[in-house]
Each structure stands twice: as structure tokens, then as C-alpha cells.
Amino acid sequence: MKGKVTILMFHRVSDTFFDVSLLIKRETFEECMKYITESYHVITMDFLSQNFDKWENIPDDSVVITFDDGWIDFHDTAYPVLSRLKIPATVYLTTGFVSSECSYWQERLNRLLTPILANKKVLLEKVNIVSTPEINLKLKDLISKSDGKPIIFKFIDYLKKFTNDIILKTISELEAFLEEQTITISEDEHRSFVNWDEVNGINKPDISFGSHTVNHPILTNEQTDIVENEISKSKEIIEKETGRDVIHFCYPNGNYNEEIRKVVSGSYKSACTTRAGFVSRGSDIYALNRIGINQEMVSGWRGNFSKYVFTLSLFLESIKK
Ligand SMILES: [Zn+2]
């Protein structure tokens, strides 16, 4: 690990979530953090970006801890652990989610899945379920072939090539369609994301807030004006709400291109991707590799934290192509 920095990416610290690739359980997270403080140098994103060019002050075996999206469990579950262990972290907020009652579109879609499959016959009889022809075709194709859960991830992956507007419109149409058929959709009674009071309650300098856009679009699917607005507006909003400078950015879903990178580099000091790998001298500060951590990657056969599985996962992720 000489000369290398590992940026760890977390999403949900919770016991349940439909997408287990984004989840780590509270106890496992705490064990993982304890191990990290004992075995690595945890540095901040500020420190990394300030020392990036010369690199000489960055210790070997350095780790940066990051959280994406601004899930409520960062505030309720992860932050108390970090605070107790005095571990710094950066949280990338999607400003449109903060202080909102909204659910992430993938979660909304997941809630529709059970009623959709239960009413498969009715849906397949209709010519149009949703208004975008190719999405309609794909959805009907997926429904007709499948009886189970895996179609949700196939459909999510497929939708990721569309603009945020089309994705949200499709989900609203699906919800309306099911409602029309008087099919009940289960409600999520828990708030998904943090609010500004909670963000401002975390006033420890060790926790910094970065931007993850306003609406979490996949920026490579969007027009230039939307890209520019998502990148600048989110920074403005966090700065206004917290009174703190926002200098770190994180690309939604990790997607960026040269044009997007250029826009980001105009107003931020760093940007993270979701591409797996370590960071070293000469890496691009506006396209930082990270290693996404989930329950499976850090737990042994008993289901609790294993430093061997964790270390092996870091290695395997870093050589993943
Ligand atoms: Zn995200």
C-alpha cells in the first residue's frame, strides 16, 4: 500500500435495503471503522486535495471515508460511530433529496415490482404501460420473461441510459397505471434522506459535505445546460444552507466525460467516480477511483466483520477491470 490512498465509498448503513450491494449493517460498519482506525491513516478529502500535487505529506496506507447521496442513516447510524471513533468523512449530498419526502427512483421502482409481477397478466394485455416506446417494449419483455426479483436490477440498469426526466416520468406513469387498476403500492413510512437541520447538527469540522448534484441525474445522459446547473446549483445550495465551503464533488452513478470533468474542475477541488481502484501520485483529482464497500465484502462466514475478508476485498476490487 506504499504511495496509495484508498477512498472508501459507503451508501447505506442499515440492516435492510433492497439493493444489498449498497448496504452495510451497523455493527459491521462499527467493527470495520474500528479496524480502519487501528490499521490505516484516515485522512480527509481536504487533506488529500491540498497535498495531491506534491504528495509527500500523504502517509502510506491512507484511507478517505466517503458517503454518497445523504441517506438518513448517515445521520442516525454512521455519524455517531464516526464521532465516537473520531474518524473524518465526506458526505456527498444530493441537494434535491435533502429535507424532502422523496424516495430515490430505484427504491420507488422496487416498491412497484411486487404489484407489477402479481398483475403480470393485466399489464401484458395493455399495449402501452408507459409512454416511452422503447422503455415500454423493454418493460413488457422483462415482465413476460421473469417471475422474480432479478428483473428489478435489469430494469434499473436499462433505465440508466435515459435522462433523469424520462426515468422519473416512467416511474410516475407506472405508479399511475397501477393506481388506475386499483392496485395498492406499499408506502415507505421512513424518510430516506437527511434534512438541513440534521446536516447542520453535524457541525464537527471532521465531517465535510460535498456535492452530488441537485437531482442525481446520470450527467453523461444530460444536455450541457442541465449538467452545468446540476453542478453549480448544488454547490450554491449547500453553501447557503450550511455556511460552509463546498469544494468536493461526486459524479452520480460515477458517470462523467471530458466536458463534465471540465465543468466540475472550474468550481471544485476534487471529484470522485465509482470506478474501483486505489489513488496514487499522478492520479486525476477530478476522476478519483474509490472502493465501494458493502456487507458481503467485509464479513466472514459468521456474518460479522472480518479484517481478512476486508483486506482481500480491497485487493480484489483494486485489480478489477
Ligand atoms: Zn449517488
Side-chain angles (χ1 to χ4, degrees), residues 7-14 17-24 29 45 64-75 77-79 89-100 102-110 152-153 155-165 167-168 171 188 191-195 198-199 207-222 226-227 229-235 237-238 246 248-257 260-261 263-264 268 270-276 286-295 297 317:
I7 305 178
L8 298 179
M9 165 177 71
F10 292 93
H11 285 84
R12 305 216 64 172
V13 183
S14 169
F17 190 52
F18 83 97
D19 186 350
V20 290
S21 73
L22 301 179
L23 172 139
I24 182 167
F29 175 75
M45 196 55 93
V64 178
I65 315 269
T66 67
F67 291 83
D68 285 13
D69 307 324
W71 295 94
I72 180 74
D73 35 69
F74 174 77
H75 174 268
T77 313
Y79 172 61
T90 297
V91 184
Y92 296 106
L93 299 172
T94 304
T95 57
F97 295 173
V98 181
S99 284
S100 81
C102 81
S103 300
Y104 189 36
W105 67 264
Q106 305 188 5
E107 243 185 320
R108 276 172 72 194
L109 203 56
N110 182 57
I152 186 74
F153 297 108
F155 194 44
I156 286 172
D157 263 353
Y158 174 76
L159 286 177
K160 282 183 178 176
K161 66 177 190 170
F162 294 92
T163 63
N164 205 44
D165 276 357
I167 294 173
L168 298 182
I171 295 167
D188 191 357
R191 176 160 57 94
S192 297
F193 300 100
V194 289
N195 63 36
E198 288 159 348
V199 168
I207 306 294
S208 67
F209 295 99
S211 157
H212 197 36
T213 72
V214 179
N215 297 300
H216 207 276
I218 292 175
L219 293 170
T220 46
N221 295 343
E222 305 289 341
I226 293 183
V227 168
N229 191 59
E230 289 282 344
I231 293 168
S232 64
K233 197 88 197 155
S234 52
K235 176 180 162 82
I237 294 171
I238 307 171
V246 172
H248 307 296
F249 186 80
C250 175
Y251 304 103
N253 206 50
N255 301 61
Y256 72 100
N257 56 30
I260 295 164
R261 184 197 171 282
V263 177
V264 169
Y268 294 88
S270 79
C272 280
T273 67
T274 52
R275 190 180 48 226
Y286 291 105
L288 295 168
N289 293 338
R290 290 190 292 175
I291 293 182
I293 298 293
N294 60 41
Q295 182 69 22
M297 288 169 65
E317 282 296 297

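Keep in mind that the numbers below use all heavy atoms, side chains included, and drop hydrogens, waters and symmetry copies. FYI, the numbering just counts along the sequence from 1. Counting starts at 1 for both ligands and their atoms, following the listed order.
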Exercise for review: Could you confirm whether H212 has any N/O/S atom lying under 2.8 Å from the Zn ion (ligand 1)?
Suggested key: yes

Review point. For Y256 and R275, what are the C-alpha separation, side-chain angles and deciding distance, and is it a side-chain hydrogen bond (donor to acceptor under 3.5 Å, both in side chains)?
Key: CA-CA 11 Å; Y256 72 100; R275 190 180 48 226; 3.3 Å; yes

Review point. Does D68 bring an N, O or S atom to under 2.8 Å of the Zn ion (ligand 1)?
Key: no

Review point. Quick one: does NZ or CZ of K235 land under 6.0 Å from the six-membered ring centre of F249, within 45 degrees of the ring axis?
Key: no

Practice item. Evaluate the ring planes of F74 and Y79, with Trp represented by its six-membered ring, and classify them as parallel (under 30°), tilted (30 to 60°) or perpendicular (over 60°). Key: tilted

Check your understanding: How about H216: does one of its N, O or S atoms come closer than 2.8 Å to the Zn ion (ligand 1)?
Key -> yes

Exercise for review: Taking the Zn ion (ligand 1) as the reference point, name the nearest N/O/S atom of D69.
Suggested key: OD1

Check your understanding: Taking the six-membered ring for Trp, are F97 and H212 ring centroids under 6.0 Å apart?
Key -> no

